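Inspection log for the structure reproduced underneath, given as structure tokens.
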Amino acid sequence: MAKVMVSLLGGRPVPNMIATLRLKPDRLYIVVSEDSLGADRNYEKLINALPNHLIPPQPHSVKPYILGETVQRCEEIANQHPSDEIIVVSASEPKTMGFGAYDVVKKLRAQGRDVDMCYLSREGLVWVFRETDNVEPVRIGVKDYFASYGWNVTSKPEPDERFQKLVALLIQNLPISHRLLCTLRSSDKGKGKRTNKSRLNVDEFSVLREIEQLQIVSNVQQTDTETRWTIDSDNEAKFLLTGDWLEFYIYQIASQAKTAQGASLLDECGWGVEDTSGKGEIDFAGIFGGQMVIVSCKTEDSIKRTWFEELHSKMEQLGKGMCSALMVSSAPKSSRTEKELADYEKWAQERQIVFVMAEDLPKLPSIFRKIVTGDENAEPKHIPCYART
């Protein structure tokens, strides 16, 4: 017996999308108000965001205020599935469509059919015909969200205390630590235990000495002409020379972010999220009310247009138009020309990506809130908002 979902669509498609991801039907039909059809309208937005295996071959169009049309479409669908479980979801349609669907469900239930109806409220899915326990919270986990789009993901575990102290040290000393790490990466030679050298200024040397105290490097020495340091193993090198530290910092901030009412802003978070079959890796992923926000972290000094293109490609794979994205760079704006900053803004806007550089890292809690609420008037005002409909 298959699970068949009939989704009523008229207004914003986000509720339809959330209900679909929560109920996980085997077959999806969309009964849609005719004024929601057409290029860039709500039916197209929903179809673009759906997992490929759930995209229906065609919409079931109705005149929204003629009750009989919705009744007819719902009955036609039900007749195609006489032995299957059918769930009709009232999500964003005009009330007349909802009344028509309700009449069909009530009639079929009286005939002993396995048919039910629910609607999406702020509290969750409300089941119309259940007398008790009729409210089902809608909580979609990170793994479940990715699974809907064919990804089987794992996330990195909480790192040890040394790594967490390193993250705090690097953040506290931006932009010095950004320059230092760029130098350490460019100077790194070989694998395993190795000693490297370069020229560091006084501030960079001071931060490197603090990193030595965390036992991530050793034998830090400085002469008039150069600085030397030893990395004892590839594990310490990964700690220091990859972007993991920025990924974990984003994870910390997002996990601790709160709504205006003091609740957790995101339902669930993961960092270093990777598909086990090679579909890709995402530095950070968080889910809120059935919607996803993904983050790409960059610790290099250069900023490339291809990074925005790659992040946009992942947005397309994971719910086109419904998936929000943030790119975070540890590079400071103050080190860029006006032309470079204008290019970054253009690359980000073209793909509806929120782009953040070092100076705005302290504002990350507010930036996450702005992304989640979709409030373009929220602080920080200079950070753009791309509301998901």
Side-chain angles (χ1 to χ4, degrees), residues 1-122 124-130 134-136 138 290 319-322 388-389:
M1 183 176 70
K3 181 192 287 187
V4 176
M5 176 174 160
V6 181
S7 188
L8 307 180
L9 173 65
R12 53 193 291 268
V14 166
N16 303 76
M17 185 70 186
I18 293 172
T20 303
L21 294 181
R22 175 64 185 84
L23 293 172
K24 301 177 184 176
D26 300 303
R27 181 76 182 270
L28 175 66
Y29 293 88
I30 301 174
V31 177
V32 55
S33 166
E34 63 181 10
D35 54 10
S36 291
L37 295 171
D40 204 34
R41 294 191 177 180
N42 289 324
Y43 179 77
E44 182 178 278
K45 291 177 182 178
L46 176 60
I47 292 301
N48 286 338
L50 284 171
N52 288 335
H53 70 283
L54 285 177
I55 296 175
Q58 76 279 323
H60 292 262
S61 173
V62 298
K63 292 182 173 60
Y65 301 108
I66 297 179
L67 186 143
E69 290 204 5
T70 299
V71 170
Q72 181 179 350
R73 295 293 180 274
C74 290
E75 287 180 339
E76 289 171 353
I77 294 167
N79 290 337
Q80 294 178 49
H81 298 274
S83 302
D84 293 327
E85 175 190 6
I86 299 174
I87 301 173
V88 177
V89 179
S90 174
S92 63
E93 77 289 345
K95 289 182 180 180
T96 308
M97 291 175 64
F99 292 150
Y102 174 84
D103 288 344
V104 173
V105 173
K106 186 176 180 180
K107 175 183 174 182
L108 292 173
R109 287 174 65 87
Q111 296 172 1
R113 295 282 299 276
D114 187 4
V115 184
D116 211 338
M117 184 174 187
C118 63
Y119 64 88
L120 189 67
S121 71
R122 289 185 178 181
L125 288 177
V126 180
W127 294 91
V128 176
F129 292 94
R130 297 181 187 177
N134 66 319
V135 179
E136 181 181 334
V138 174
K320 178 180 179 181
M322 304 286 180
R388 302 308 177 191
T389 56

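This is a predicted model, so every value here is computed, not measured.
Inter-residue side-chain proximity for Asp103 and Lys107 is flagged as unmet; no heavy-atom pair is nearer than 4.5 Å. Using a 4.5 Å cut-off on side-chain heavy atoms (C-beta onward), Glu93 and Ser36 make no contact. Side-chain contact between Pro56 and Leu50: present, with at least one pair of heavy atoms (C-beta onward) separated by less than 4.5 Å. Residues Thr96 and Thr70 fail the side-chain proximity criterion, which asks for heavy atoms closer than 4.5 Å. Counting heavy atoms from C-beta outward, Leu21 and Pro51 have side chains that approach closer than 4.5 Å. Inter-residue side-chain proximity for Val88 and Val104 is flagged as unmet; no heavy-atom pair is nearer than 4.5 Å. Contact check for His60 versus Val32: no side-chain heavy atoms found under the 4.5 Å cut-off.
Residue Pro64 forms a side-chain contact (heavy atoms from CB on, under 4.5 Å) with just one option from Lys95, Met97, Glu69, and that option is Met97.
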Item to check | side-chain contact (heavy atoms from CB on, under 4.5 Å) assessment of Arg130 paired with Asp116 | outcome: CA-CA 9 Å; Arg130 297 181 187 177; Asp116 211 338; 3.6 Å; yes
Checklist entry - Does the side-chain contact (heavy atoms from CB on, under 4.5 Å) test come out yes or no for Val31 and Ile77, once each step is laid out? => result CA-CA 10 Å; Val31 177; Ile77 294 167; 3.9 Å; yes
Next on the checklist: Leu46 vs Ile30, test: side-chain contact (heavy atoms from CB on, under 4.5 Å). Steps then yes/no.
Outcome noted: CA-CA 10 Å; Leu46 176 60; Ile30 301 174; 3.7 Å; yes
Checklist entry - Is there a side-chain contact (heavy atoms from CB on, under 4.5 Å) between Asp84 and Asp26 once you walk through the steps? => result CA-CA 10 Å; Asp84 293 327; Asp26 300 303; over 6 Å; no
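Checking Glu76 against Gln72 by side-chain atom types alone, a donor-acceptor pair falls below 3.5 Å.
Pairing each heavy atom of Met117 with each of Gly98, the nearest pair is CE-O, 3.7 Å. Here the closest non-hydrogen pair linking Asn42 and Arg12 is ND2-N, 4.0 Å. Shortest non-hydrogen contact noted between Val89 and Ala19 is CG1-CB, 3.8 Å. Closest approach of Leu23 to Cys118, counting heavy atoms only: CD1-SG, 4.4 Å. Smallest separation of non-hydrogen atoms from Pro59 and Leu37: CG-CD2, 3.9 Å. Taking every heavy atom of both residues into account, Ile86 and Ala78 meet most closely at CD1-CA, 3.7 Å.
Note: Ile55 CD1 to Leu28 CG = 10.0 Å, rounded to the nearest 0.5 Å. Note that OH of Tyr43 is 15.0 Å distant from CD of Glu34, once rounded to the nearest 0.5 Å. Within the model, atoms CG of Leu9 and OG of Ser33 stand 8.0 Å from one another, a figure rounded to the nearest 0.5 Å. Put simply, CD1 on Ile87 and OG on Ser7 are 11.5 Å apart, with the number rounded to the nearest 0.5 Å. Note: Arg113 CZ to Leu108 CG = 5.5 Å, rounded to the nearest 0.5 Å. In this structure, CZ in Arg27 is found 10.5 Å from CG in Leu54, a value given to the nearest 0.5 Å.
No donor-acceptor pair closer than 3.5 Å links the side chain of Asp114 to the backbone N or O of Ser83.
Within a 6.0 Å radius of CG in Asn79, more than 12 heavy atoms belonging to other residues, nucleotides or ligands are found.
In this structure, Phe129 and Tyr102 have parallel ring planes: the angle between them is below the 30° cut-off, well short of the 60° mark.
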